[in-house]
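Lettering follows sequence order; numbering is per chain, from 1. Values below: all heavy atoms of this structure, side chains included; hydrogens, waters and symmetry mates excluded.
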Amino acid sequence: MSEQHTPLWEVFIRSRNGMSHRHAGSIHAADAEMALQAARDVYTRRGEGLSIWVVPSAAIIASDPSEKDMMFEPTGDKIYRHPTFYEIPEEVGNM
Amino acid sequence: MANDLFTYTMRLADDAAILSQRLAGWCGHASHLEEDIALTNIALDQIGCARLLYAYAGEIEGKGRDEDALCFNRNEREFTNLLLLEQPNDDFAYAIVRQFFYSAYVLLFWQALKSSKDERLAGIAAKAEKEAAYHLRHSAEWVVRLGDGTEESRSRIEEAIEFLWMYTGEMFEMDEVATALAEQGIAVDAAAIKPAWNKSINEVFARADLSVPTGTWMQTGGRNGEHSEHLGHVLAPMQYLQRAYPGLVW
Amino acid sequence: MYTQSLNTAVQRDGAEEDPQKLAAFQAKIDREEKIEPNDWMPAAYRKTLIRQISQHAHSEIVGMLPEGNWITRAPSLKRKAALLAKVQDEGGHGLYLYSAAETLGISREEMVEQLHTGKAKYSSIFNYPTLNWADVGAVGWLVDGAAIMNQIPLCRCSYGPYARAMIRICKEESFHQRQGYELLLTMMKGSEDQRQMVQDAVNRLWWPALMMFGPSDKDSVNTADSMRWKIKRFTNDELRQKFVDATVPQAEVLGITLPDPDLRFDEESGHYVYGEPNWEEFYNSIKGNGICNKQRLKDRVKAHTDGAWVREAALAYARKERERREAGKQAAE
Ligand SMILES: [Fe+2]
Ligand SMILES: [Fe+2]
């Protein structure tokens, strides 16, 4: 008999205030409370965290890698969005 | 007074040590990895707590016994832990109910001990309180899930509750040692935290529609070194190396 | 670590891969770009990774047992805490690795079943018994030491999730070897009995630790794919040599004798020369005939079977809660 699957959750941890939450890994848990506890017990054993998010893995909508060119290439040539595109005389100082 | 304080501190130390030994038995054998890791975290908190308390007790005693001498070189009759904590890991329900009954109690206990006139105990209590709060949350959520899970889980947790209930009375006993120290503002009036404990048990049980046992007969003896048969078997492996090769450093 | 039995070639499924995609894939790897879960990858790459990562995960989990054997008997509170934390870390490693494998389209439940039915392998090192307390130190020093040798290059593995899991694991590993070595040092400074325990443990674990790197290169079946795909970056013998070179001086500091009469430093090559491990024993253990093989698996299966009602209860509660929420919503509408 094959076993019923326990849902997968993605774990995001804020390591310090001022930092954003970062993906730490995944865990399995039957519900949100258990997921939160498991995330705490598994991923913050060395003082790594101040805040945890858990998200059902199934709830994540990911972009398709085969659409990478369409999705991300068009911004590649918009160099005018970057500060270094503009020349400012040195005497102006930091800007 | 120094003697009372030593006795009192040793009780708390033995509680932590025996419970950690029981919890450690799950490591590598729990129902799933996440829970294996969670139970070990609780065990590690208990070891940390035991070390602080034994070390302090050794200082109070002043005979040069360190944490390990106190933990690994005393006999069954000298151990003064609560009977509840030496009860075996018959199954996960037993482990969870044991943890839940104790955590619900000891959280209140540490909260009260935080204002002890004894600074060392107050300091240890402040640290242990946060740990106990999480142990309570973890065990309470499991009580609810086992109680309101499947038929099998419900019958297993009902059995564990029924069996372990008679060991809960001991937590609220006040003997001469505890009373004398409580009068000096050092010890906790354990009897006084009973209503709050009842409330916390009732609330969690209500979430899973579990009933609180009505039995009033309570076992006692742990604080005087009169134990169930289980304690000897907890100590035998735990103390084996220290007993077989006395006086060595490991 | 624990990748030893990977060295058997993955069976090619009859289906041919699209040569263009294959070339682009290989080019990406050659540029040291990581492959991520949803990226296109050849079926054989996926299959190799699933097998390697799951074996690695199983090894971490089964590896909890030999050391776990001493948790309740640790001779001091400090050692008990260190050992418990260490064995727990191994459980965590198993968990990270199962998660990494899950990104390739296999579930944890499936992998666990493969372990329990004997379909999946784990590192043969964990089929040796831990017979005295010094074994705990020797496992930390030698087994975790060998594991670290194996795992560090895996942090640069071409598959992103595996590499990331390995980075986290390697960070945690660093205390494992040190606590083991320190434990042995403490015992060596102790009584004659303690020194004998250390020597006894090292005598039993030295050769198995060397065999953790897998068969000799001349007998290894086809590691070419793994090398080309940058899953593997060093051959078994290269890693074994690194391990021997690093470990022999540590044994000298410890003051124990390594059980290899052929062991000597070769001035010319600047490496230690060591004897031939007993490969027959190794293959036997892989086949399931090691002294603890059956026991280890039995213990794993028991924990899982005994825990089935717990997992079911958690799922049943979650389902009921969901239903109650739904019903609540409908009632409110
Ligand atoms: Fe590990
Ligand atoms: Fe390790």
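In this structure, no portion of C:Ala318 lies under 4.5 Å from any heavy atom of chain B. Using a 4.5 Å cut-off between heavy atoms, C:Arg79 contacts chain B through its side chain alone, with no backbone atom that close. Contact of C:Lys189 with chain B is not made at all, since no heavy-atom distance falls under 4.5 Å. When heavy atoms are compared at a cutoff of 4.5 Å, B:Phe92 approaches chain C by way of both its backbone and its side chain. With a 4.5 Å cut-off on non-hydrogen atoms, C:Met197 touches chain B through its side chain but not through its backbone. Of the two parts of B:Ala208, neither the backbone nor the side chain holds a non-hydrogen atom closer than 4.5 Å to a non-hydrogen atom of chain C. Of the atoms belonging to C:Asp306, not a single heavy atom falls under 4.5 Å from chain B. Proximity to chain B (any heavy atom under 4.5 Å) is restricted, for C:Leu65, to the side chain, taken from C-beta onward. Contact of C:Lys320 with chain B is made through the side chain alone, with heavy-atom distances under 4.5 Å. Residue contact with chain B, scored on non-hydrogen atoms closer than 4.5 Å, involves the side chain of C:Ile61 exclusively. For a residue to count as touching a neighbouring chain, one of its non-hydrogen atoms must lie under 4.5 Å from one of that chain's; by this rule B:Val234 does not touch chain C. With a threshold of 4.5 angstrom between heavy atoms, C:Glu67 does not approach chain B through any atom at all.
Using a 4.5 Å heavy-atom cut-off against chain C, the contacting residues of residues 24-44 of chain B are B:Ala24, B:Cys27, B:Gly28, B:His29, B:Ala30, B:Ser31, B:His32, B:Leu33, B:Glu34, B:Asp36, B:Ile37, B:Thr40, B:Asn41, B:Ala43, B:Leu44. Heavy-atom neighbours of chain B within the stretch residues 296-303 of chain C, taken at a separation under 4.5 angstrom, comprise C:Arg300, C:Ala303.
Counting non-hydrogen atoms of neighbouring residues, nucleotides and ligands closer than 6.0 angstrom, the CZ atom of C:Arg178 reaches no more than 12 such neighbours. For B:Glu162, the CD atom sits in a loose shell: 12 or fewer heavy atoms of surrounding residues, nucleotides or ligands are nearer than 6.0 Å. Atom CD of B:Glu119 has 12 or fewer neighbouring heavy atoms from other residues, nucleotides or ligands inside a 6.0 Å radius.
With chain B as partner, the option from C:Ala316, C:Ala314, C:Ala313 having the largest number of non-hydrogen pairs under 4.5 angstrom is C:Ala313. Between chain C and the options B:Glu151, B:Arg22, B:Arg156, B:Arg154, heavy-atom pairs under 4.5 Å are most frequent for B:Arg156. For the set B:Glu67, B:Met238, B:Glu141, the count of heavy-atom pairs under 4.5 angstrom toward chain C peaks at B:Met238. When B:Pro237, B:Ser153, B:Gly48 are compared by the number of non-hydrogen pairs under 4.5 Å with chain C, B:Pro237 comes out ahead. Note: C:Lys80 leads C:Lys80, C:Glu321, C:Arg319 in heavy-atom pairs under 4.5 Å with chain B. In terms of heavy-atom pairs under 4.5 Å with chain B, the best-connected choice from C:Thr305, C:Leu77, C:Val310 is C:Leu77.
A salt bridge does not link C:Lys78 with B:Asp68: every distance from a Lys NZ or Arg NE/NH1/NH2 to an Asp or Glu carboxylate oxygen is 4.0 Å or more. Ion pairing of B:Glu203 with B:Lys199 is present here, as a side-chain N (NZ or NE/NH1/NH2) and a carboxylate O approach within less than 4.0 Å. A salt bridge links C:Arg324 with B:Asp148; the closest basic N to acidic carboxylate O contact falls under 4.0 Å. Using a cutoff of 4.0 Å between basic side-chain nitrogens and carboxylate oxygens, B:Arg223 and B:Asp15 are scored as salt-bridged.
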Pair C:Tyr122, C:Asn127 - check side chain to side chain contact (heavy atoms under 4.5 Å, CB included), show working. CA-CA 9 Å; C:Tyr122 58 87; C:Asn127 291 323; 2.6 Å; yes

One pair to check against side-chain hydrogen bond (donor to acceptor under 3.5 Å, both in side chains): C:His58 and C:Gln114. What are the steps and the verdict? CA-CA 10 Å; C:His58 298 327; C:Gln114 288 176 352; 5.0 Å; no

CA sep, side-chain torsions, deciding dist, call: B:Glu86, B:Ser228, side-chain hydrogen bond (donor to acceptor under 3.5 Å, both in side chains): CA-CA 8 Å; B:Glu86 69 202 38; B:Ser228 63; 2.6 Å; yes

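Considering all non-hydrogen atoms of both residues, B:Asn89 and B:Arg98 come closest at OD1-NH2, 2.8 Å.
Atoms CD1 and CG, from C:Ile53 and C:Leu49 in turn, are 4.5 Å apart once rounded to the nearest 0.5 Å. We find the CG-OH distance between C:Leu154 and C:Tyr162 to be 4.5 Å, quoted to the nearest 0.5 Å. One distance of note links OH of B:Tyr102 with CG of B:Leu107; it measures 11.0 Å at 0.5 Å rounding.
Judged purely by atom type and a 3.5 angstrom limit, B:Asp66 has no side-chain atom pairing as donor or acceptor with the backbone of B:Gly58.
A cation-pi arrangement is absent between B:Arg145 and B:Trp142, since the terminal nitrogen or guanidinium carbon is not both under 6.0 Å from the aromatic centre and inside a 45° cone about the axis.
Residues B:Asp118 and B:Tyr56 have side chains that bring a donor and an acceptor to within less than 3.5 angstrom of each other.
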